[in-house]
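The next block holds one structure in the form of structure tokens; read it before the comments.
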Protein chains: 2
Amino acid sequence: MLESLDARISSLAKSKSQANGHKQSETTPKAERKNISEAPCSTCSAHAQAICADLKDQEMDEIARNIRTRLVQTGQSVYREYEEAKYLYTVVTGEIRLANLLDDGRRQVTSFKTAGEVLGEQKNGYYQSDAEAVCDTVVCQIPIKILEKYLQEMPAMQTALTAKVLSEIHELRHHAILLGRKTPIEKIATFLVDRAEKLGGKDSVEVEVMLTMGRNDIADFLGLTIETVSRTITKMKNLGLLEVPSNHSIIIKDMAELENLAEGEK
Amino acid sequence: MLESLDARISSLAKSKSQANGHKQSETTPKAERKNISEAPCSTCSAHAQAICADLKDQEMDEIARNIRTRLVQTGQSVYREYEEAKYLYTVVTGEIRLANLLDDGRRQVTSFKTAGEVLGEQKNGYYQSDAEAVCDTVVCQIPIKILEKYLQEMPAMQTALTAKVLSEIHELRHHAILLGRKTPIEKIATFLVDRAEKLGGKDSVEVEVMLTMGRNDIADFLGLTIETVSRTITKMKNLGLLEVPSNHSIIIKDMAELENLAEGEK
DNA sequence: CGATTGGTTGAAGCCCATCAAGTCGGGTGG
DNA sequence: CCACCCGACTTGATGGGCTTCAACCAATCG
């Protein structure tokens with residue numbers, strides 16, 4: 001079982017280096033940066049939000065020798081549930097979904113991870129979920145063994161990682177209320193508001209929310225069917241709360257009202 | 001807001017010491033142990049499962065000077081959401097529920113915590129949920145400030161706490177699948193199997209599962225109504241899977257079948 | 001231009017929530 | 001000791017909302 005997973009990951013690793021070698025895609029401009037000698041960590045677009053943000057130059061140099069970036073194409077997996085946990089990952093660009101499956105194929109997406117967020121939580125040495133790229137995505141990987149050493153030596157990193165983990169717990173709780181107690185319209189509203197908030201645009205009345213993922217991922221994230229997601233969005237569109245210029249973009253027309261809906265008020 | 005919460009917590013602290021002084025209840029035999037000079041941590045019934053389990057005697061003595069135990073009576077709260085997070089708690093005896101509320105009163109219980117488990121996760125310095133005693137419960141509290149110092153000095157504690165936190169994340173993910181994708185019967189089956197497992201009795205065919213909480217808490221934990229919980233349990237009873245000798249006890253008659261149900265097989 | 005993929009819309013049915021009544025048990029007081 | 005009460009749980013009847021199944025539509029691609 002685990003051996004086959006190991007085999008799978010090494011084959012993934014191969015396909016990755018092929019991907020890096022073959023194309024210089026303009027959608028993933030940093031894909032070709034395979035190690036740090038070509039482009040220092042300090043220029044990383046996710047640096048400011050990552051757990052290495054507050055480190056000293058000297059510490060960054062030390063870390064830079066041990067990390068690698070990796071391009072993960074749409075639909076490809078970074079790791080799978082029950083696979084041996086060897087790395088902690090940070091999203092550089094793109095988006096990753098964490099998902100768990102039931103035996104009959106039902107799926108629950110537990111989290112979407114964007115630039116600067118970490119993934120790779122383990123349970124007894126094995127990953128807890130499948131991690132798959134929602135769109136072409138670049139992740140930065142650091143071996144767990146090395147990370148543990150650094151955490152001892154670099155308090156700023158320990159602090160930052162602890163904050164990320166506590167934030168993860170908070171999001172999972174937040175999501176539990178959504179899954180267990182909210183109606184479809186409240187779920188969609190919460191999803192959109194949370195995403196707008198993540199992009200820092202919650203203050204304005206009108207915000208465009210980009211959706212890298214498809215309706216299927218949204219449905220599995222919110223515990224709904226794809227049809228209910230679709231119907232609910234059109235209902236909100238008809239109410240004048242949203243505009244939907246394309247499948248991957250939604251414009252919030254009335255943020256205040258959407259926030260009310262998200263919290264179940266009226 | 002926060003001041004009133006502080007007032008409330010200090011009044012709780014008072015009622016606690018009264019409770020300690022007045023009765024030597026047999027249901028909470030350790031309630032009278034207010035600090036460590038009266039009974040050393042090493043004799044604590046939760047010690048083996050707690051984050052202090054692997055510490056040296058000398059380290060235990062150090063910690064013992066800074067912790068306090070506290071009796072929390074049924075229905076009383078240990079802390080509330082948005083209250084300033086000053087302590088990390090460990091359950092000694094009894095059971096705590098973590099819950100979050102929507103504005104209109106809908107409630108989601110995100111976790112039940114039993115002996116040895118920790119609670120007190122914060123987000124930006126404030127607790128993330130309400131923590132309330134499901135039955136008379138004793139918790140051990142350590143100030144966050146002091147804990148942070150110890151974590152630096154005592155690697156065994158850091159390791160143990162990290163394991164608890166990762167386990168918490170795992171449980172929340174596990175619970176997300178349940179809330180988002182499982183049917184009522186699968187939810188109840190999962191709930192019972194998980195509880196049996198926690199008590200270490202999953203191997204035997206027939207196990208008695210004690211339920212300290214009421215149907216209401218179970219419903220809010222599983223994202224159901226109390227009626228559906230009740231109906232589902234009687235359905236399983238009629239199928240010969242369970243016996244229900246009292247409201248606070250369920251005997252699993254066919255563990256294997258229940259596990260199948262829990263995973264959605266057939 | 002057909003084929004495929006992803007999304008929307010429609011119709012029907014079932015499951016769960018809701019509302020309401022009934023039952024059980026534990027505790028209190030007369 | 002029993003009558004009573006109260007809270008917790010169970011059971012019943014009903015309706016609505018979500019899922020399911022199915023057809024349709026739009027965009028993308030070979």
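Chain identifiers are assigned alphabetically (A, B, ...) following the order of the sequence lines, protein sequences preceding nucleic acid strands; residue numbering begins at 1 within each chain.
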> Nearest to the side chain of B:Pro184, which nucleotide is it out of C:dG7, C:dC16, D:dT10?
Replying inline: C:dC16
> Rounded to the Å, how far apart are A:Leu224 CG and C:dG7 C1'?
Replying inline: 16 Å
Which protein N or O atoms sit under 3.5 Å from an N or O of nucleotides 21-26 of chain C?
none

> With no hydrogens and no angle check, do the side chains of A:Ser249 and A:Glu208 hold a donor and an acceptor under 3.5 Å apart?
Replying inline: yes
>> Between A:Lys123 and B:Glu171, does the salt bridge (Lys or Arg N to Asp or Glu O under 4.0 Å) criterion hold? Intermediate values first, please.
In response: CA-CA 10 Å; A:Lys123 168 85 175 178; B:Glu171 278 167 30; 5.4 Å; no
>> Can you measure A:Ile188 atom CD1 to D:dG17 atom P for me and round it to whole angstrom units?
In response: 17 Å
> Can B:Asn100 and A:His174 be counted as having a side-chain donor-acceptor contact under 3.5 angstrom?
Replying inline: no
> Given atom NZ of B:Lys182 and atom P of D:dT19, what is their separation to the nearest angstrom?
Replying inline: 18 Å
> If you pin A:Arg181 and A:Asn216 to their nearest nucleotides in DNA chain C, which one's is more 5'?
Replying inline: A:Asn216
> Roughly how many Å is it from CD1 in A:Ile185 to P in D:dG17, rounded to a whole number?
Replying inline: 12 Å
> How long is the line joining CG of B:Leu222 and C1' of C:dC15, in whole Å?
Replying inline: 17 Å
>> Do B:Glu81 and B:Ser129 pair up side chain to side chain, a donor and an acceptor below 3.5 Å, judged on atom types alone?
In response: no
> For the residue pair B:Tyr79 and B:Tyr127, does the interplanar ring angle fall in the parallel (under 30°), tilted (30 to 60°) or perpendicular (over 60°) class?
Replying inline: parallel
With the criterion being N/O to N/O and under 3.5 Å, what pairs connect the protein with nucleotides 11-16 of chain D, and how long is each?
from: D:dG12; atom 1: N7; to: B:Arg231; atom 2: NH1; distance (Å): 2.8
from: D:dG12; atom 1: O6; to: B:Arg231; atom 2: NH2; distance (Å): 3.1
from: D:dA13; atom 1: N6; to: B:Arg231; atom 2: NH2; distance (Å): 3.4

>> Could you tell me how far apart B:Lys187 (NZ) and C:dA17 (C1') are, to the nearest whole angstrom?
In response: 12 Å
> For nucleotides 24-30 of chain D, read 5' to 3', which letter fits each nucleotide if B means a protein heavy atom sits under 4.0 Å from the base, S means only the sugar-phosphate is that close, and - means neither?
Replying inline: -------
>> Rounding to an integer number of Å, can you tell me how far A:Arg215 CZ sits from C:dT9 P?
In response: 11 Å
> Below 4.0 angstrom, N of the basic side chain to O of the carboxylate: do B:Asp220 and A:Arg181 qualify?
Replying inline: yes
>> At 4.0 Å (heavy atoms only), tell me whether B:Ile233 reaches a base, stays on the sugar-phosphate, or touches nothing.
In response: nothing
> Should A:Leu119 and A:Val91 count as side-chain neighbours, where that means a heavy-atom distance under 4.5 Å?
Replying inline: yes
> Side chains of B:Glu121 and B:Glu168: closer than 4.5 Å at any heavy-atom pair?
Replying inline: yes
> Would the number of heavy atoms belonging to other residues, nucleotides or ligands and lying under 6.0 Å from NZ of B:Lys235 be above 12?
Replying inline: no
> Under a 4.0 Å N-O cut-off, is there an ion pair linking A:Arg215 with A:Glu227?
Replying inline: no
> Any ion pair linking B:Lys113 and B:Glu95 (charged N to carboxylate O, less than 4.0 Å)?
Replying inline: no
>> Could you tell me how far apart A:Met236 (CE) and C:dT8 (P) are, to the nearest whole angstrom?
In response: 14 Å
>> Given C:dC16, D:dC9, C:dA17, identify the nucleotide with an atom nearest to the side chain of B:Asn247.
In response: D:dC9
> Is the ring centre of A:Phe112 less than 6.0 Å from the ring centre of A:Phe221?
Replying inline: yes
>> With nearest nucleotide decided by heavy atoms, which residue, A:Thr225 or B:Val229, maps closer to the 5′ end of DNA chain D?
In response: B:Val229
